[in-house]
There are 2 protein chains.
Amino acid sequence: MDTKPTPTRIQRKNRAAILEAALDVFSAQGFRGATVDEIAAAAGLSKPNLLYYFPSKEAIHDALLEGLLDIWLAPLRALDETGEPLEEILAYVRRKLEMSREMPRESRLFANEIVQGAPRIGAVLSTDLKALVDAKSKVIARWAAEGRIAPVHPYHLIFSIWSLSQHYADFDVQVRAVLGPEDPYDHAPDFLDTLYRRLLTPHIAP
Amino acid sequence: MDTKPTPTRIQRKNRAAILEAALDVFSAQGFRGATVDEIAAAAGLSKPNLLYYFPSKEAIHDALLEGLLDIWLAPLRALDETGEPLEEILAYVRRKLEMSREMPRESRLFANEIVQGAPRIGAVLSTDLKALVDAKSKVIARWAAEGRIAPVHPYHLIFSIWSLSQHYADFDVQVRAVLGPEDPYDHAPDFLDTLYRRLLTPHIAP
DNA sequence: CGTGATCTTGACCAGATGGTCAAAAGATAA
DNA sequence: TTATCTTTTGACCATCTGGTCAAGATCACG
């Protein structure tokens, strides 16, 4: 039952090159817009050679999504219920925005998938993702109930953090078209910090 | 120079049916993912018949985008510099969220286009859209300078409104997967109203 | 009704695309 | 070096897709 024979040196190198190239192409063109030829060329391989490492176009896409989902949700997982509420949430926002800047292709890969109805990861959303958000929402709701942050709908708070941070990656061309030469990330961190401080700082009178 | 002969009754009906069907298909599959056959079937026409009304797949897509851009930007255009600042912005947020609920296909059509680098409307973004946002940002900056709203980066404020409102249309499956049976729009309006009130209400001390 | 314009369609085409295969080329270890 | 295993490739295939065309069906109007 040796289902995982140790990969050879060449296998490791080529598999990595394929996934890297596929991330480029899938994130820029979407699944149907991407072609195996294009991915193969970007990876420096011939098409049949690429298909020697992955059985199909869909298998590459699946491998990418699966490998990246954990990374993508790590910031939310790291939200620590024993920490200081406002700082925990602000740190989460900061990490999420950081990821949009450092990993825009990954963000767009997920965006493409979800905008088109998540045909390939819909199942994971309503199980793993939902479970994670349910758990963290409870933490946030408790913080609010204890008056440690201002009262807020925890699910929509999390949606807003996803939305605002990923906007800078997913709609990058639009943001840059409007801003002109200015770098969006010059002011985005401050803007989001201010926004969530004002939203969540508990006030005195009810 | 009669470039626009009056369309016949059948022409009007079929052109409308094609655009309606194309909106369905393009918004769900993206440009490359959509097929002319699928659009034709959804419009109740044969493929050659569809191509009798529009010269190409791209022409349909262009017609859609052009026809919808004005509608899409109308809420921002309606932002009135002579109105009460906070209420003007809150009304804009409300209208934008309303549009996400009423016109999710349109939202996803634009999302697909922009996520993939806006190959077809990039030009409009850096001219028309930029001009509109520049103008409205000046209004918001003035409001802030006058102390009528709390100080805020106007461009990022507008981005945030786009981002948060369209998130409910573009990432609908994800939002619903996490929320379960609850309707996102049950609480989204209140959440956004609260968020922008707390962000923009001017406070007493500096 | 008749006639010209409009509308519709089946058959077809060329190119793109995902994927296969047998055989060649290259690495590896005795 | 040789024998075996891994990697690479050119040629090929079936299907899908955007688009064409000529001929037939339908409509509008005198």
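In what follows, every heavy atom counts, from backbone to side chain, and hydrogens, waters and symmetry copies are set aside. Here is the naming used below: chain letters follow the sequence lines, and residue numbers restart at 1 for every chain.
- The shortest distance between the side-chain N/O atoms of A/Arg9 and the OP1/OP2 oxygens of C/dT28 is below 4.0 Å.
- Note on B/Arg105 versus B/Asp24: salt bridge recorded, some NZ/NE/NH1/NH2 to OD/OE distance being below 4.0 Å.
- For residues 28-54 of chain A, proximity to DNA chain C is found at A/Ala34, A/Thr35, A/Val36, A/Lys47, A/Pro48, A/Leu51, defined as any non-hydrogen atom under 4.0 angstrom from a strand atom.
- Interface limits on DNA chain D: the 5'-most and 3'-most nucleotides within less than 4.0 Å of chain B heavy atoms are D/dT17 to D/dA28.
- Whole-Å rounding puts the B/Gln11 CD to C/dT8 P distance at 10 Å.
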Margin query: Would B/Trp143 and B/Leu200 count as a side-chain contact (heavy atoms from CB on, under 4.5 Å) here? Give the steps.
Written below: CA-CA 10 Å; B/Trp143 285 342; B/Leu200 296 175; over 6 Å; no
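- Judged by distance alone, the side chain of A/Ser107 and the main-chain N or O of A/Pro104 form no donor-acceptor pair under 3.5 Å.
- The number of heavy-atom neighbours closer than 6.0 Å to CD of A/Glu66, taken from other residues, nucleotides and ligands shown, is 12 or below.
- Under the 4.5 Å side-chain criterion, counting only non-hydrogen atoms from C-beta, B/Gln11 is in contact with B/Tyr53.
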Item checked: Audit row: B/Ser160, B/Tyr196, side chain to side chain donor-acceptor pair (under 3.5 Å) steps and yes/no -> CA-CA 10 Å; B/Ser160 77; B/Tyr196 284 107; 2.6 Å; yes
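- Ion pairing between a basic and an acidic side chain is recognised when a charged N comes within 4.0 Å of a carboxylate O; A/Asp134 and A/Lys138 show no such pairing.
- In this structure, the side chains of A/Val133 and A/Leu76 come closer than 4.5 Å at one or more pairs of heavy atoms.
- Residues B/Phe26 and B/Asn112 fail the side-chain proximity criterion, which asks for heavy atoms closer than 4.5 Å.
- Remark on the helix from C/dC1-D/dG30 to C/dA30-D/dT1: inter-end axis angle 10°, axes from five-pair C1' superpositions, rounded to 10°.
- In summary, B/Glu98 and B/Arg101 engage in a salt bridge, as defined by a charged side-chain N under 4.0 Å from a carboxylate O.
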